[in-house]
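Structure record follows, encoded as structure tokens.
These numbers come from a predicted model, not from an experiment. Here is how names work: the chains are called A, B, and so on, in the same order as the sequence lines, proteins then strands, and each is numbered from 1.
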Amino acid sequence: AQSVTQPDIHITVSEGASLELRCNYSYGATPYLFWYVQSPGQGLQLLLKYFSGDTLVQGIKGFEAEFKRSQSSFNLRKPSVHWSDAAEYFCAVGVGNAGKSTFGDGTTLTVKP
Amino acid sequence: EAQVTQNPRYLITVTGKKLTVTCSQNMNHEYMSWYRQDPGLGLRQIYYSMNVEVTDKGDVPEGYKVSRKEKRNFPLILESPSPNQTSLYFCASSLWTGGSGANVLTFGAGSRLTVL
């Protein structure tokens with residue numbers, strides 16, 4: 001069975017600083033990988049996805065993520081964080097035609113002024 | 001506007017009183033799914049449906065039922081709710097991309113359920 005680990009429960013960064021949120025997955029084949037963001041009181045919104053091809057993917061709001069097969073990782077990055085980026089971030093793996101998707105436990109991002 | 005609509009958004013109920021959380025999408029998506037979100041546990045999949053009359057268990061199906069009689073609707077039924085089902089519930093849908101099988105989920109706003 002697939003699994004997703006987000007090692008950091010909570011991260012605090014200063015506004016304007018760079019950000020990296022870690023995600024490691026376990027799956028026997030090439031996974032479909034996603035990052036979602038959840039603002040307080042809201043549903044989840046897709047930030048970016050990796051299906052195949054270029055291992056560096058660009059998403060909305062200036063986020064990017066890099067798929068590293070050798071490390072089973074899909075870390076999310078942003079070069080300069082804005083106060084509005086404060087939210088909870090979820091990494092997820094989809095398993096194609098099986099229909100199941102698995103989410104990590106989430107990382108809460110706090111942005112200091 | 002393309003969206004997934006859940007109702008009710010908030011509900012307080014008592015143990016054993018049957019309830020249904022409705023979910024409807026207007027995007028003609030084949031795939032629909034229910035998740036529950038609990039602190040420190042992320043989102044866990046309850047049930048999913050690949051199309052009308054096709055449903056399957058996710059990781060935490062116990063105590064829940066679903067049905068998919070129409071493409072747009074995927075209600076979650078709690079026949080006899082218990083306090084351990086107090087949670088935030090999300091419905092999601094996606095186009096089912098066939099061969100590639102990858103699904104980008106569109107989520108509803110969530111339904112916060114409290115069972116006393």
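- No path of Ile, Leu, Val, Met, Phe, Trp and Tyr side chains, each step under 4.5 Å between heavy atoms, connects B:Tyr48 with B:Val52, placing them in separate hydrophobic clusters.
- Enclosure of atom CD1 in A:Ile60 by more than 12 non-hydrogen atoms of other residues, nucleotides or ligands within 6.0 angstrom is indicated.
- Only the side chain of A:Glu88 comes within less than 4.5 Å of a heavy atom in chain B; its backbone stays farther off.
- Taking a 6.0 Å sphere around CD1 of B:Ile12, one finds it holds 12 or fewer heavy atoms contributed by other residues, nucleotides or ligands.
- Here A:Phe103 contributes atom CZ and B:Gln45 contributes atom CD; the two are 8.0 Å apart, rounded to the nearest 0.5 Å.
- In this structure, chain B has heavy atoms under 4.5 Å from both the backbone and the side chain of A:Leu44.
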Start with the C-alpha gap between A:Ser101 and B:Tyr35, add the side-chain angles, then the distance that decides, and say whether side-chain contact (heavy atoms from CB on, under 4.5 Å) holds.
CA-CA 10 Å; A:Ser101 53; B:Tyr35 300 86; 2.6 Å; yes
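- For B:Lys65, the side chain to side chain donor-acceptor pair (under 3.5 Å) partners are B:Glu79, not counting sequence neighbours.
- Connection of B:Leu76 to B:Leu88 is not established within any shared hydrophobic cluster, with ILVMFWY side chains joined at heavy-atom distances below 4.5 Å, either directly or through further cluster members.
- Under the 4.5 Å side-chain contact rule for hydrophobic residues, B:Val60 and B:Tyr89 share a cluster.
- Dense packing is recorded around NZ of A:Lys78, with more than 12 heavy atoms of other residues, nucleotides or ligands lying under 6.0 Å away.
- Contact of the A:Phe51 side chain with the B:Val104 side chain is registered, since non-hydrogen atoms from C-beta on lie closer than 4.5 Å.
- B:Tyr31 and B:Val4 sit in two unconnected hydrophobic clusters of ILVMFWY residues. Membership requires side-chain heavy atoms under 4.5 Å apart, directly or through other members.
- Using a 4.5 Å cut-off between non-hydrogen atoms, the part of residues 105-116 of chain B that approaches chain A consists of B:Leu105, B:Phe107, B:Gly108, B:Ala109.
- Within the 4.5 angstrom heavy-atom criterion, only side-chain atoms of B:Gln37, from C-beta onward, approach chain A.
- Distance check: B:Phe90 CZ to A:Gln38 CD gives 4.5 Å after rounding to the nearest 0.5 Å.
- Linking ILVMFWY residues whenever their side-chain heavy atoms come closer than 4.5 Å, directly or via other members, places A:Val4 and A:Leu47 in the same cluster.
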